[in-house]
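Input: a single structure, listed below in C-alpha coordinates.
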Amino acid sequence: MKPDTTHSTSIPRLLDGIRTLAARFRPRQITPTGTPFAATDADGRAIEIRPYRDSDFAELVEMYDSFDPTQRAQGVPPLAIDGIRSWLSDVLDGVNVVASCDGRIVGHVGFVPDGTGRHELFVFVHQDYQQAGIGSHLLAGGMGQAQQDSVGYVWLTVEKTKRYQQRFYSRAGFSAVNPMGMTHRMSRTL
(Lines give C-alpha, C1' and ligand atoms only; values in the text may rest on other atoms or scores of the structure.)
Protein backbone atom coordinates (compact mmCIF):
# COMPACT_ATOMS: atom_id res chain seq x y z
CA MET A 1 0.00 0.00 0.00
CA LYS A 2 1.27 3.42 -0.97
CA PRO A 3 1.53 6.12 1.81
CA ASP A 4 -0.86 9.09 1.56
CA THR A 5 1.25 12.21 0.93
CA THR A 6 -1.67 14.54 0.19
CA HIS A 7 -1.75 15.92 3.71
CA SER A 8 2.01 16.29 4.02
CA THR A 9 2.19 18.61 0.99
CA SER A 10 -1.06 20.51 1.55
CA ILE A 11 -0.29 21.56 5.14
CA PRO A 12 2.83 23.61 4.23
CA ARG A 13 0.87 25.25 1.39
CA LEU A 14 -1.98 26.03 3.79
CA LEU A 15 0.46 27.52 6.31
CA ASP A 16 2.10 29.64 3.58
CA GLY A 17 -1.35 30.89 2.57
CA ILE A 18 -2.18 31.82 6.17
CA ARG A 19 1.14 33.66 6.56
CA THR A 20 0.55 35.58 3.31
CA LEU A 21 -2.97 36.55 4.39
CA ALA A 22 -1.76 37.59 7.85
CA ALA A 23 0.98 39.75 6.29
CA ARG A 24 -1.66 41.69 4.38
CA PHE A 25 -3.41 42.61 7.61
CA ARG A 26 -0.27 43.22 9.66
CA PRO A 27 0.55 46.92 9.72
CA ARG A 28 3.65 48.03 7.86
CA GLN A 29 6.52 49.27 10.04
CA ILE A 30 7.34 52.98 9.82
CA THR A 31 11.07 53.57 9.42
CA PRO A 32 13.06 56.83 9.16
CA THR A 33 13.26 57.99 5.54
CA GLY A 34 15.34 60.85 4.15
CA THR A 35 13.52 63.89 2.81
CA PRO A 36 12.36 65.10 0.41
CA PHE A 37 10.47 62.22 -1.19
CA ALA A 38 7.28 61.63 -3.12
CA ALA A 39 4.61 59.11 -2.22
CA THR A 40 1.16 58.11 -3.32
CA ASP A 41 -1.51 57.85 -0.63
CA ALA A 42 -4.19 55.16 -0.44
CA ASP A 43 -6.58 57.41 -2.38
CA GLY A 44 -4.11 57.69 -5.28
CA ARG A 45 -3.08 61.29 -4.51
CA ALA A 46 0.52 62.41 -5.11
CA ILE A 47 2.06 63.54 -1.82
CA GLU A 48 5.35 65.35 -1.30
CA ILE A 49 7.12 64.97 2.05
CA ARG A 50 9.74 67.68 2.58
CA PRO A 51 11.39 69.85 5.23
CA TYR A 52 9.46 72.90 6.39
CA ARG A 53 10.49 76.24 4.83
CA ASP A 54 9.91 79.72 6.32
CA SER A 55 7.76 80.51 3.26
CA ASP A 56 5.32 77.76 4.43
CA PHE A 57 4.26 79.67 7.56
CA ALA A 58 1.06 81.30 6.21
CA GLU A 59 -0.08 78.08 4.57
CA LEU A 60 0.57 76.11 7.76
CA VAL A 61 -1.50 78.65 9.73
CA GLU A 62 -4.27 78.17 7.13
CA MET A 63 -4.13 74.36 7.51
CA TYR A 64 -4.45 74.58 11.27
CA ASP A 65 -7.16 77.25 11.07
CA SER A 66 -9.32 74.87 8.99
CA PHE A 67 -8.47 71.93 11.25
CA ASP A 68 -11.49 70.16 12.78
CA PRO A 69 -11.58 71.14 16.50
CA THR A 70 -12.57 67.58 17.44
CA GLN A 71 -9.22 66.40 15.99
CA ARG A 72 -7.23 68.43 18.52
CA ALA A 73 -4.99 66.53 20.93
CA GLN A 74 -4.24 67.81 24.43
CA GLY A 75 -5.18 71.38 23.49
CA VAL A 76 -3.27 71.67 20.22
CA PRO A 77 -3.47 73.04 17.69
CA PRO A 78 -5.03 76.14 19.25
CA LEU A 79 -8.42 77.27 17.97
CA ALA A 80 -7.79 80.96 17.14
CA ILE A 81 -5.44 82.27 14.42
CA ASP A 82 -3.38 84.32 16.90
CA GLY A 83 -3.01 81.24 19.10
CA ILE A 84 -2.00 79.13 16.09
CA ARG A 85 0.65 81.68 15.06
CA SER A 86 2.04 81.86 18.59
CA TRP A 87 2.08 78.06 18.97
CA LEU A 88 3.79 77.64 15.59
CA SER A 89 6.42 80.23 16.52
CA ASP A 90 7.32 78.00 19.47
CA VAL A 91 7.24 74.60 17.75
CA LEU A 92 9.06 75.71 14.60
CA ASP A 93 12.30 76.01 16.63
CA GLY A 94 12.80 72.26 16.19
CA VAL A 95 12.86 69.91 13.21
CA ASN A 96 9.72 70.26 11.08
CA VAL A 97 8.53 68.40 7.98
CA VAL A 98 5.37 68.97 5.96
CA ALA A 99 3.23 66.91 3.60
CA SER A 100 1.76 68.65 0.58
CA CYS A 101 -0.75 67.59 -2.02
CA ASP A 102 -1.39 69.66 -5.16
CA GLY A 103 0.72 72.47 -3.67
CA ARG A 104 -1.34 72.62 -0.45
CA ILE A 105 0.11 71.69 2.96
CA VAL A 106 -1.99 68.86 4.37
CA GLY A 107 0.20 67.55 7.20
CA HIS A 108 2.90 68.60 9.65
CA VAL A 109 5.26 66.73 11.95
CA GLY A 110 7.51 68.46 14.44
CA PHE A 111 10.22 67.60 16.95
CA VAL A 112 10.24 70.29 19.64
CA PRO A 113 13.31 70.60 21.90
CA ASP A 114 12.19 70.21 25.52
CA GLY A 115 15.26 71.81 27.14
CA THR A 116 16.71 68.49 28.34
CA GLY A 117 18.32 67.41 25.06
CA ARG A 118 15.21 65.46 24.13
CA HIS A 119 12.47 66.30 21.63
CA GLU A 120 8.70 66.09 21.90
CA LEU A 121 6.97 64.77 18.78
CA PHE A 122 3.65 65.81 17.27
CA VAL A 123 1.97 64.76 14.03
CA PHE A 124 -1.11 66.37 12.47
CA VAL A 125 -2.79 65.50 9.18
CA HIS A 126 -5.72 67.62 7.94
CA GLN A 127 -9.00 65.73 8.34
CA ASP A 128 -9.63 65.75 4.56
CA TYR A 129 -6.46 63.66 4.09
CA GLN A 130 -6.59 61.24 7.01
CA GLN A 131 -6.79 57.44 6.82
CA ALA A 132 -4.84 57.37 3.55
CA GLY A 133 -1.30 56.66 4.82
CA ILE A 134 -0.07 60.26 4.78
CA GLY A 135 0.63 60.24 8.52
CA SER A 136 2.86 57.18 8.11
CA HIS A 137 4.84 58.83 5.30
CA LEU A 138 5.01 62.08 7.26
CA LEU A 139 6.29 60.36 10.40
CA ALA A 140 8.87 58.40 8.38
CA GLY A 141 10.11 61.60 6.72
CA GLY A 142 10.10 63.48 10.01
CA MET A 143 12.14 60.80 11.76
CA GLY A 144 14.56 60.71 8.83
CA GLN A 145 15.02 64.50 8.95
CA ALA A 146 15.36 64.44 12.74
CA GLN A 147 18.05 61.73 12.49
CA GLN A 148 19.90 63.82 9.91
CA ASP A 149 19.67 66.84 12.25
CA SER A 150 21.13 64.77 15.15
CA VAL A 151 17.96 64.40 17.21
CA GLY A 152 18.59 61.46 19.52
CA TYR A 153 15.70 60.84 21.93
CA VAL A 154 12.07 61.50 20.97
CA TRP A 155 9.00 61.29 23.17
CA LEU A 156 5.27 62.00 22.98
CA THR A 157 2.14 61.55 25.02
CA VAL A 158 -0.95 59.74 23.80
CA GLU A 159 -4.32 59.76 25.49
CA LYS A 160 -4.98 56.45 27.22
CA THR A 161 -8.21 55.84 25.28
CA LYS A 162 -6.63 56.32 21.83
CA ARG A 163 -5.31 52.81 21.29
CA TYR A 164 -5.14 53.29 17.50
CA GLN A 165 -2.62 56.11 18.02
CA GLN A 166 -0.61 53.95 20.38
CA ARG A 167 -0.48 51.22 17.70
CA PHE A 168 0.50 53.82 15.07
CA TYR A 169 3.48 55.03 17.12
CA SER A 170 4.43 51.45 18.05
CA ARG A 171 4.76 50.73 14.32
CA ALA A 172 7.40 53.50 14.28
CA GLY A 173 9.42 51.92 17.08
CA PHE A 174 7.97 53.88 20.01
CA SER A 175 7.29 52.02 23.23
CA ALA A 176 5.33 53.03 26.31
CA VAL A 177 7.62 54.22 29.10
CA ASN A 178 4.90 55.45 31.45
CA PRO A 179 1.49 53.87 30.84
CA MET A 180 -0.05 55.36 34.00
CA GLY A 181 -2.77 57.99 34.28
CA MET A 182 -4.83 59.58 31.51
CA THR A 183 -1.94 59.74 29.03
CA HIS A 184 0.75 57.30 28.03
CA ARG A 185 4.25 58.54 27.43
CA MET A 186 5.96 56.80 24.51
CA SER A 187 9.55 57.22 23.37
CA ARG A 188 12.32 55.95 21.13
CA THR A 189 15.84 56.80 20.09
CA LEU A 190 16.62 57.65 16.49
Side-chain angles (χ1 to χ4, degrees), residues 22-57 59-60 63-64 67-68 71-74 76-77 88 91-114 117-159 162-177 183-190:
R24 288 185 182 166
F25 292 103
R26 189 177 311 124
R28 185 177 52 88
Q29 294 300 306
I30 301 169
T31 57
T33 306
T35 58
F37 67 90
T40 302
D41 75 1
D43 294 333
R45 297 174 291 209
I47 306 297
E48 180 188 16
I49 307 295
R50 63 171 175 76
Y52 168 83
R53 299 184 287 246
D54 290 339
S55 60
D56 294 328
F57 188 81
E59 195 173 339
L60 205 50
M63 182 194 91
Y64 283 120
F67 204 74
D68 181 351
Q71 300 282 318
R72 296 171 66 225
Q74 302 170 29
V76 292
L88 283 174
V91 301
L92 291 174
D93 287 341
V95 176
N96 289 270
V97 171
V98 297
S100 66
C101 179
D102 294 327
R104 174 182 174 208
I105 293 179
V106 299
H108 178 207
V109 60
F111 298 79
V112 184
D114 69 2
R118 299 171 177 185
H119 291 74
E120 182 177 7
L121 169 71
F122 67 86
V123 179
F124 288 103
V125 176
H126 192 273
Q127 64 272 4
D128 294 342
Y129 294 84
Q130 291 179 4
Q131 302 301 315
I134 296 171
S136 297
H137 292 301
L138 190 57
L139 182 55
M143 290 191 307
Q145 187 66 46
Q147 258 183 348
Q148 183 179 334
D149 291 352
S150 300
V151 170
Y153 183 88
V154 180
W155 63 274
L156 61 107
T157 56
V158 178
E159 294 173 25
K162 296 192 175 177
R163 298 255 186 239
Y164 65 95
Q165 288 183 348
Q166 294 170 27
R167 286 189 300 272
F168 171 74
Y169 291 113
S170 291
R171 288 179 36 222
F174 286 84
S175 57
V177 291
T183 60
H184 290 186
R185 184 176 173 136
M186 300 181 78
S187 68
R188 71 160 285 167
T189 57
L190 293 178

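Quick caveat: nothing in here was measured; it's all calculated off a predicted structure.
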**Prompt:** How long is the span from the CE atom in Met143 to the OG1 atom in Thr35, to the nearest 0.5 Å?
**Reply:** 12.5 Å
**Fill in**
Here the pair of heavy atoms bringing Ala99 nearest to Ile134 is CB-CG2, 3.9 Å
**Item:** Test item: Arg188 side-chain N/O and Ala172 main-chain N/O as donor-acceptor pair under 3.5 Å
**Value:** yes
**Asked** Where is the tightest heavy-atom contact between Asp128 and Arg45, given as atom of each residue plus distance?
**Response** O-NH1, 3.5 Å
**Prompt:** Considering residues, nucleotides and ligands other than Gln131, do more than 12 of their heavy atoms fall under 6.0 Å from its CD?
**Reply:** no
**Item:** Residue pair Ala146 / Leu190: nearest heavy atoms and the distance that separates them
**Value:** CB-CD1, 3.6 Å
**Prompt:** Counting distance only, does the side-chain N/O of Asp114 pair as donor-acceptor with the main-chain N or O of Val112 below 3.5 Å?
**Reply:** no
**Request:** Given side-chain contact (heavy atoms from CB on, under 4.5 Å), test Leu88 with Tyr64 step by step and report yes or no.
**Result:** CA-CA 10 Å; Leu88 283 174; Tyr64 283 120; 3.9 Å; yes
**Prompt:** Atom CG in Leu60, atom CD1 in Ile105: separation rounded to 0.5 Å?
**Reply:** 5.0 Å
**Asked** Atom CE in Met63, atom CZ in Arg104: separation rounded to 0.5 Å?
**Response** 9.0 Å
**Item:** Minimum side-chain heavy-atom gap Phe174-Leu121 below 4.5 Å
**Value:** yes
**Asked** Under 6.0 Å from the CG atom of Asp102, do we count more than 12 heavy atoms belonging to anything else shown?
**Response** no
**Prompt:** Any donor and acceptor pair, going by atom type alone, linking the side chain of Gln165 with main-chain N or O of Val158 inside 3.5 Å?
**Reply:** no
**Prompt:** Gln145 side chain to Asn96 main-chain N or O, any donor-acceptor pair under 3.5 Å?
**Reply:** no
**Request:** Could you check Gln166 against Phe168 for side-chain contact (heavy atoms from CB on, under 4.5 Å), going step by step and ending with a plain yes or no?
**Result:** CA-CA 5 Å; Gln166 294 170 27; Phe168 171 74; over 6 Å; no
**Chi angles and distances behind the side-chain contact (heavy atoms from CB on, under 4.5 Å) call for Leu138, Ile47** = CA-CA 10 Å; Leu138 190 57; Ile47 306 297; over 6 Å; no
**Prompt:** What are the two closest heavy atoms between Arg171 and Ser136, and how far apart are they?
**Reply:** NH2-OG, 3.3 Å
**Item:** Exercise: identify the closest heavy-atom pair between Val106 and Cys101
**Value:** CG1-CB, 4.2 Å
**Prompt:** What is the distance from atom CG of Asp54 to atom CG of Leu92, rounded to the nearest 0.5 Å?
**Reply:** 8.0 Å
**Request:** Classify the angle between the aromatic ring planes of Tyr52 and His108 as parallel (below 30°), tilted (30 to 60°) or perpendicular (above 60°).
**Result:** tilted
**Asked** How far apart are the closest heavy atoms of Gly141 and Ile49, and which atoms are they?
**Response** CA-CG2, 4.1 Å
**Request:** Check the pair Asp56, Arg50 against side-chain contact (heavy atoms from CB on, under 4.5 Å), reporting the backbone distance first and the verdict last.
**Result:** CA-CA 11 Å; Asp56 294 328; Arg50 63 171 175 76; 2.8 Å; yes
**Request:** Could you grab the distance from atom CD of Gln130 to atom CZ of Phe124, nearest 0.5 Å is fine?
**Result:** 10.5 Å
**Item:** Pairwise distance OH(Tyr153) to OG1(Thr189) - rounded to 0.5 angstrom
**Value:** 9.0 Å
